[in-house]
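Nothing fancy with the numbering, it's 1 onward along the sequence. In each ligand, atom 1 is the first atom listed, and ligand 1 is the first ligand listed.
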Amino acid sequence: MPPSIIPPSTPQQHSHTSLRRIPKKPRNILQNPQQRPTIKWTPLNTGKSELYLPLTFPTGQTFRWKQTGPLQYTGSIGSNLVSLKQLENDDVGYFFHNEGFASGEAEAGLFDFLNMGISLSELWDGFRACDERFCELAEYLEGARVLRQDPLECLIQFVCSSNNNIQRITKMVDFISSKGRILGSVEGFDFFEFPTLDRLALVSEAELREAGFGYRARYIVGTVAALQAKPGGGVNWLASLRKLDLQEAIDALCSLPGVGPKVAACIALFSLDQHHAIPVDTHVWQIATRYIIPELAGTRLTPKICNRVADAFVSKYGKYAGWAQTLLFIAELPSQKALFPSSFWSSEERGSGKLENEKSRGKLNTD
Ligand SMILES: Nc1nc2[nH]c(O)nc2c(=O)[nH]1
């Protein structure tokens, strides 16, 4: 089964089946559709070529944001609860649900999270100029931006992601998130501040196992304990990885339980400013052998070959190669393939593409 990215028209509300249901919230925001106030969106003053929400939020880099309306996504950034909407003029509007929030600080947090200091359209102009394949895909997938997430949130999400599909990862991440402070509810979804390390440390392996985490329960508990043992604190330690070279950051992350090279590269790319981190697994390797290094087709994906694949991406796309990889990754998701005319993909690409491979059963991060 290919992974299911939640389709735009069917937001999955409270889909905690095997995982414990989140208790009812104490605070309701925009809950009753009849009384729903009209949101006054503040424009980000950006366009679709810089940020297109459906290609940025439900495509495997965060599992914490929910679709709360047509072209609308809601999530928390620190202690702020924010909705984003692609407006009719292709700009993005934002709305903070918090009462009495300090707008300047909250907005700065939002721009930081959206990585707005980096011009996606300029990067893509460069990628288009050096790669015909990128050019073809980019026509259909404009605005697939790389986020700059909080490192702890990103780390825990990607420990859950290992050998797992998007739906199940989302349930696990919802369970862990529910240990944080509740911020409110939008369209039937509860939103929480991500739990602090101290709060996470109170969650036992048995509780996670009970909640359906399987072997990942031990990794979460082990990673939290390893972070707590860092001199100066785990949050500072994670933040310090933003200043390291990519390989040093990857090595440091791989010292944590449940973090292998692919998961480490995802965390590095999506939270640590390591823009040329290339998450390589069997799926990405297939993309690479089709379009970038055909000479490696038929080889076995050893750690050495993983490094060669990553190097090939960086040689082709340069310092922001991770941003280019993101587009190639998204293009292979079944939900996004539907955006292309059927004549676009060859039968080989349609049938054996990343994440549609029967053997993967829709699993991400199969390292
Ligand atoms: N851009 C990418 N996003 C991902 N999410 C995920 O789980 N794996 C990947 C990936 O390889 N690239």
Side-chain angles (χ1 to χ4, degrees), residues 2-6 51-52 54-65 114-115 118 120 123-124 127 134 137-138 141 143-149 153-173 216 219 246 250 253 258-292 301 305-307 309-310 312-314 316-317 320-337 353-357 360-367:
S4 47
I5 302 272
I6 299 168
L51 174 60
Y52 188 56
L55 291 176
T56 301
F57 283 92
T59 46
Q61 55 173 322
T62 174
F63 306 92
R64 268 177 53 75
W65 284 61
L114 294 174
N115 242 334
I118 294 170
L120 186 69
L123 283 185
W124 280 28
F127 299 151
F134 190 97
L137 294 173
L141 298 175
R145 168 168 282 280
V146 168
L147 298 168
R148 185 175 196 257
Q149 300 179 58
E153 274 186 49
C154 192
L155 165 64
I156 300 295
Q157 290 182 80
F158 276 90
V159 172
C160 293
S161 80
S162 147
N163 240 329
N164 208 349
N165 63 51
I166 289 178
Q167 215 173 352
R168 188 147 174 261
I169 301 165
T170 304
K171 283 183 182 170
M172 291 182 179
V173 169
R216 296 171 203 85
Y219 291 153
L246 173 60
I250 298 276
L253 289 168
V259 181
K262 156 107 197 204
V263 162
C266 286
I267 299 161
L269 178 61
F270 301 137
S271 73
L272 297 177
D273 302 333
Q274 303 286 353
H275 302 295
H276 63 295
I278 306 295
V280 181
D281 63 5
T282 48
H283 309 302
V284 176
W285 173 64
Q286 279 173 20
I287 299 173
T289 55
R290 250 187 282 139
Y291 308 115
I292 302 177
L301 188 60
I305 297 286
C306 276
N307 289 339
V309 170
F313 270 94
V314 177
K316 191 166 191 76
Y317 300 109
Y320 285 82
W323 290 56
Q325 188 268 11
T326 289
L327 173 77
L328 301 184
F329 175 90
I330 290 173
E332 298 288 326
L333 294 169
S335 56
Q336 309 309 327
K337 277 194 171 170
K354 179 189 176 341
L355 301 171
E356 278 182 312
N357 186 329
S360 77
R361 287 198 207 88
K363 285 172 181 162
L364 295 173
N365 303 330
T366 51
D367 61 355

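- Under a 4.0 angstrom heavy-atom cut-off, S161 registers as lying outside contact with ligand 1.
- Proximity of Y320 to F127: side-chain heavy atoms (C-beta onward) are separated by under 4.5 Å at one or more points.
- Residue contact check: Q325 has heavy atoms under 4.0 Å from atoms 1 (N), 2 (C), 10 (C), 11 (O), 12 (N) of ligand 1.
- Atoms of ligand 1 lying under 4.0 Å from any heavy atom of G60, numbered from 1 in the order shown and given with element: 4 (C), 5 (N), 6 (C), 7 (O).
- Near T326, meaning under 4.0 Å from one of its heavy atoms, ligand 1 places the atoms 1 (N).
- Here is the list of ligand 1 atoms found below 4.0 Å of a heavy atom in V284: 11 (O).
- Remark: N307 engages no residue in a side-chain contact (heavy atoms from CB on, under 4.5 Å) (not counting sequence neighbours).
- Considering CZ of F158 and CZ of F63, their distance stands at 4.5 Å, rounded to 0.5 Å.
- A donor-acceptor pair under 3.5 Å is absent between the side-chain atoms of E332 and the main chain of I287, judged by distance alone.
- In this structure, the side-chain contact (heavy atoms from CB on, under 4.5 Å) partners of V314, at least two apart in sequence or on a different chain, are H276, I278, A321.
- With a 4.0 Å cut-off on non-hydrogen atoms, A265 does not touch ligand 1 at all.
- Q157 places no side-chain N or O within 3.5 Å of a backbone atom of V173 that could act as its donor or acceptor partner.
- Distances from ligand 1 to the non-hydrogen atoms of K262 include at least one value under 4.0 Å.
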